[in-house]
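Here the structure comes first, spelled out in structure tokens, and everything after it is commentary.
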Protein chains: 2
Amino acid sequence: MLSKKTKYGLKALTFLAKVKDREPIQIAEIAKHENISQKFLESILLTLRRNGFLGSKKGKGGGYYLIKEPEDILMTTVMRVLEGPIAMVPCVSLNFYEKCDDCPDEEGCSVHKLMLQVRDSALEVYRNNTLADLL
Amino acid sequence: MLSKKTKYGLKALTFLAKVKDREPIQIAEIAKHENISQKFLESILLTLRRNGFLGSKKGKGGGYYLIKEPEDILMTTVMRVLEGPIAMVPCVSLNFYEKCDDCPDEEGCSVHKLMLQVRDSALEVYRNNTLADLL
DNA sequence: TTTTACCCTATAGTTTTAGTAGATTATCTA
DNA sequence: TAGATAATCTACTAAAACTATAGGGTAAAA
């Protein structure tokens with residue numbers, strides 16, 4: 001299942017991508033427009049800022065704004081930041097690899113075999129989609 | 001993330017698919033061979049039996065055995081039984097569809113758009129793999 | 001001094017991953 | 001045929017992890 005964190009994060013990004021002249025939008029406004037718990041959204045926007053997608057401005061007239069062009073925001077990056085590994089199993093993860101402790105033979109593992117294909121197919125989708133494609 | 005339930009279930013299925021003449025294998029043996037908690041595996045095998053993948057036999061010489069040919073066991077079915085919906089969001093699920101309560105416009109939703117592609121790509125993988133392909 | 005993002009903590013709820021205890025059924029043996 | 005044994009079956013419980021959200025205070029910008 002996609003976490004609400006990711007869902008909300010994606011919605012916030014697409015919302016901000018539509019804003020004219022990238023002027024700052026307040027958390028409250030995004031939350032209201034997208035039906036998101038404001039406090040939850042707060043933490044999501046924070047991680048999006050820390051990971052280089054958004055900029056922020058404090059005080060009156062402040063808020064969040066996109067600091068990249070939507071065309072340059074790949075879904076692979078967004079998903080990894082918000083949702084974590086794209087692979088469904090650590091032993092087939094490119095960026096978060098970990099050996100299964102219960103599995104002696106990775107090459108002979110049926111789960112490994114299947115999940116490798118699933119990872120590749122998901123990866124292809126995410127690589128072929130930028131934020132601009134979702135608008 | 002893939003649940004351990006699914007992971008163990010897949011491992012058990014591939015293990016049983018390799019058994020000569022489909023003779024019954026005890027839970028304990030599968031659990032030991034695949035490093036799985038026996039009691040947990042017990043409940044997994046039960047749902048696999050209830051869903052028509054396995055047969056069981058009680059008493060001495062009893063155990064579980066495959067009742068279909070591995071070539072006839074599609075991963076779509078297995079995944080839906082063990083893991084649940086293949087879609088990451090209910091609003092793009094074929095078998096478990098549900099409307100998002102926070103989302104007024106499904107067609108205009110960026111998450112919907114993206115997850116539809118992810119679902120289709122995953123579905124293609126699962127459709128192209130039977131249990132036999134994992135051996 | 002108001003407005004906004006920032007930061008930390010707590011918590012209710014849910015899901016996952018088991019573990020415990022015993023009932024039930026089939027087979028084997030005396 | 002009776003009883004012992006071997007296995008699945010069932011239900012309940014529980015610990016742990018994760019998710020989603022709320023509260024309250026701090027810092028910075030206007």
*Assign A:Leu45 to base, sugar-phosphate, or nothing according to its heavy-atom contacts below 4.0 angstrom with the strands shown.*
nothing
Which nucleotide sits closest to the side chain of [X]: [options]?
X: B:Lys58; options: C:dA5, C:dT24, D:dT21; result: C:dT24
X: B:Phe40; options: C:dT27, D:dT21, C:dT17; result: C:dT17
X: B:Arg50; options: D:dA7, D:dT21, D:dT10; result: D:dT10
X: B:Leu46; options: D:dA30, C:dA18, D:dT10; result: D:dT10
X: A:Glu42; options: C:dC7, C:dT24, C:dA18; result: C:dC7
X: B:Tyr8; options: C:dA18, C:dT3, D:dT10; result: C:dA18
X: A:Gln26; options: D:dT8, C:dG19, C:dT4; result: C:dT4

What is the distance, rounded to the nearest whole Å, between atom [atom1] of [X] and atom [atom2] of [N]?
X: A:Glu83; N: D:dC18; atom1: CD; atom2: P; result: 13 Å
X: A:Gln38; N: C:dT4; atom1: CD; atom2: C1'; result: 11 Å
X: B:Lys39; N: C:dG19; atom1: NZ; atom2: C1'; result: 9 Å
X: A:Lys7; N: D:dA20; atom1: NZ; atom2: P; result: 10 Å
X: B:Glu29; N: D:dT8; atom1: CD; atom2: P; result: 11 Å
X: A:Ile44; N: D:dT19; atom1: CD1; atom2: P; result: 12 Å
X: A:Arg49; N: D:dA28; atom1: CZ; atom2: P; result: 12 Å
X: A:Tyr65; N: C:dA5; atom1: OH; atom2: C1'; result: 12 Å

*asked:* Just verifying a value: how many Å separate A:Lys11 NZ and B:Cys103 SG, rounded to the nearest 0.5 Å?
replied: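 Spacing of NZ (A:Lys11) from SG (B:Cys103) equals 3.5 Å.
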_Rounded distance [0.5 Å steps], CZ in A:Phe53 versus CD1 in A:Ile73_ =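 Separation between the atoms: 6.5 Å.
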*State whether B:Lys113 and A:Asp133 are salt-bridged, where the test is any N-O pair (Lys NZ or Arg NE/NH1/NH2 against Asp/Glu carboxylate O) under 4.0 Å.*
no
*Which comes earlier along DNA chain C counting from the 5' end, the contact point of B:Leu2 or that of A:Lys57, where each point is its nearest nucleotide?*
A:Lys57
_Please verify the inter-ring angle class for B:Tyr8 with B:Phe40; under 30° counts as parallel, over 60° as perpendicular, anything in between as tilted._
perpendicular
_Under 4.0 angstrom between A:Ser37 side-chain N/O and D:dA22 OP1 or OP2_ =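 Checking D:dA22 against A:Ser37, a side-chain N or O does come within under 4.0 Å of OP1 or OP2.
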*Is a donor-acceptor contact shorter than 3.5 angstrom present between the side chain of A:Lys4 and the base of C:dT14?*
no
*Near B:Lys68 NZ, under 6.0 Å, is it more than 12 heavy atoms from other residues, nucleotides or ligands?*
yes
